[in-house]
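Below you'll find the structure, written out as structure tokens, and then a few comments.
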Protein chains: 2
Amino acid sequence: MATSIRTARDEASARLRAAGLKVTEPRLAVLDAIAPGEHLDADEVFQRLSRTLPSTSRQAVYGVLGALGGAGLLRRIEPAGSPALYENRIGDNHHHLVCSSCGKVADVDCVVGEPPCLTPSATNGFVLHTAEVTFWGLCPDCQAAG
Amino acid sequence: MATSIRTARDEASARLRAAGLKVTEPRLAVLDAIAPGEHLDADEVFQRLSRTLPSTSRQAVYGVLGALGGAGLLRRIEPAGSPALYENRIGDNHHHLVCSSCGKVADVDCVVGEPPCLTPSATNGFVLHTAEVTFWGLCPDCQAAG
DNA sequence: CTCGGTGTTTTGATTTATTCAAAACAACCC
DNA sequence: GGGTTGTTTTGAATAAATCAAAACACCGAG
């Protein structure tokens, strides 16, 4: 257990270094705070760090999230009506399901077949680099709540 | 010319009434301010109204945009990194091309073939009602600017 | 036509999410 | 270990939007 924690920290350190970023406690703590499948906003990350590394300032959280996002170690999404959210899952082009009632976010793998969403009908002269798909609906809990 | 202006106003009035909204000067002015193909934020709308109906407050603009958006007379989009934008084109499920450098927005008709983007690989129990696709890239001007 | 109820707008303050700037600090190469 | 550079802290400021209460205007009933 202690071994696996040490290992996770070491892996995180290695990923930071590989990205050309210095290894610092706030960065390790942020990487540790966001579990796979979660989508956390800056405030939620800050609150989690207030348990694991209470000296961390809110601005440091913004700085870390910005650095990790820019380095590709976290992915940032901004669903309409919600503050920016950060997730662990990177490197694939997965999409998101957002509950229009409670804001809950779930991942979905790319849409049916090949990524057709990368091909709009006309590009208006734009050179594309990403297609982002957000599905809006009601999550199971909000369906149950009527 | 005066006739066409009168007609546009009358059409806008009819659409407001049909939506169950009262017909007011600020609402007519907002509908008049947003031309087809444009994507304006609340501040841009407010600035346009400061010419055509200068007594309108910023909060009234927010109120009008909210009411018209809720009634389906305007569509609201919120690309990441940008304030909410409002457009005229409603009732079709078109998508958007956003320049990641300057923020310029262009409309695109739905992606190739049938709307495949309405079918994620797994819905995680969500009941879907909308799929929103945002394409990110560089607009022609920003390509030219290097 | 005018009166009254309801919905809208104004006025002014407030909140939320985020960014800026400068000083203190810490990681890491030598 | 010591210096440079990047990071974090501290504190203030901004942008976008929302809230609340009072003034007002639309529009249907009479």
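By convention in this document, chain letters (A, B, ...) are assigned in the order of the sequence lines, proteins followed by strands, and residues within each chain are numbered from 1. Quick note: numbers below take in every heavy atom, side chains included, and nothing from hydrogens, waters or symmetry partners. Every value quoted in this text rests on a predicted model; they were computed, and no experiment measured them.
- Summarising the geometry, atom NZ belonging to A:Lys104 is positioned 4.5 Å from atom SG belonging to A:Cys102; distances are rounded to the nearest 0.5 Å.
- When the C1' atom of C:dT9 is taken as reference, atom CG of B:Leu53 falls 11 Å away, rounded to whole Å.
- In the model, A:His96 has no side-chain atom that pairs as donor or acceptor with a side-chain atom of A:Glu132 under 3.5 Å.
- Between A:Glu25 atom CD and A:Ser55 atom OG the span is 9.0 Å, to the nearest 0.5 Å.
- B:His39 and B:Asp107 get closest at one heavy-atom pair: NE2-OD1, 2.7 Å.
- For the atom pair CD1 of A:Ile90 and CZ of A:Arg75, the computed distance is 10.5 Å after rounding to the nearest 0.5 Å.
- For the atom pair CG of A:Leu128 and CG of B:Leu138, the computed distance is 9.5 Å after rounding to the nearest 0.5 Å.
- Of the N and O atoms on the side chains of B:Ser100 and A:His129, at least one donor lies less than 3.5 Å from an acceptor on the other residue.
- Rounded to whole Å, atom C1' of D:dA16 lies 14 Å from atom CZ of B:Phe46.
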Under 4.0 Å protein heavy-atom contacts per nucleotide of nucleotides 12-25 of chain C, with B for base, S for backbone only and - for none: BB---SBBB-----

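- A straight line from CG of B:Leu68 to P of C:dG7 spans 17 Å, rounded to a whole angstrom.
- Taking the screw axis at each terminus of the helix from C:dC1-D:dG30 to C:dC30-D:dG1 from five consecutive base pairs, the angle between the two is 30° to within rounding of 10 degrees.
- The two atoms that bring B:Leu40 and B:Ala33 nearest to each other are CD1-O, 3.9 Å, heavy atoms only.
- One atom, CG of B:Leu40, and another, P of D:dA16, lie 14 Å apart when rounded to the nearest Å.
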B/S/- contact track for nucleotides 25-30 of chain D, protein heavy atom under 4.0 Å: -BS---

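- Here the straight-line distance linking atom CD1 of B:Ile77 with atom CD of B:Glu87 works out to 5.5 Å at 0.5 Å rounding.
- In this entry the distance linking CD of B:Glu44 with P of D:dA17 reads 11 Å, nearest Å.
- We find the CD-CG distance between A:Glu44 and A:Leu49 to be 12.0 Å, quoted to the nearest 0.5 Å.
- The shortest heavy-atom contact between A:Ala131 and A:His95 is O-CE1, 3.7 Å.
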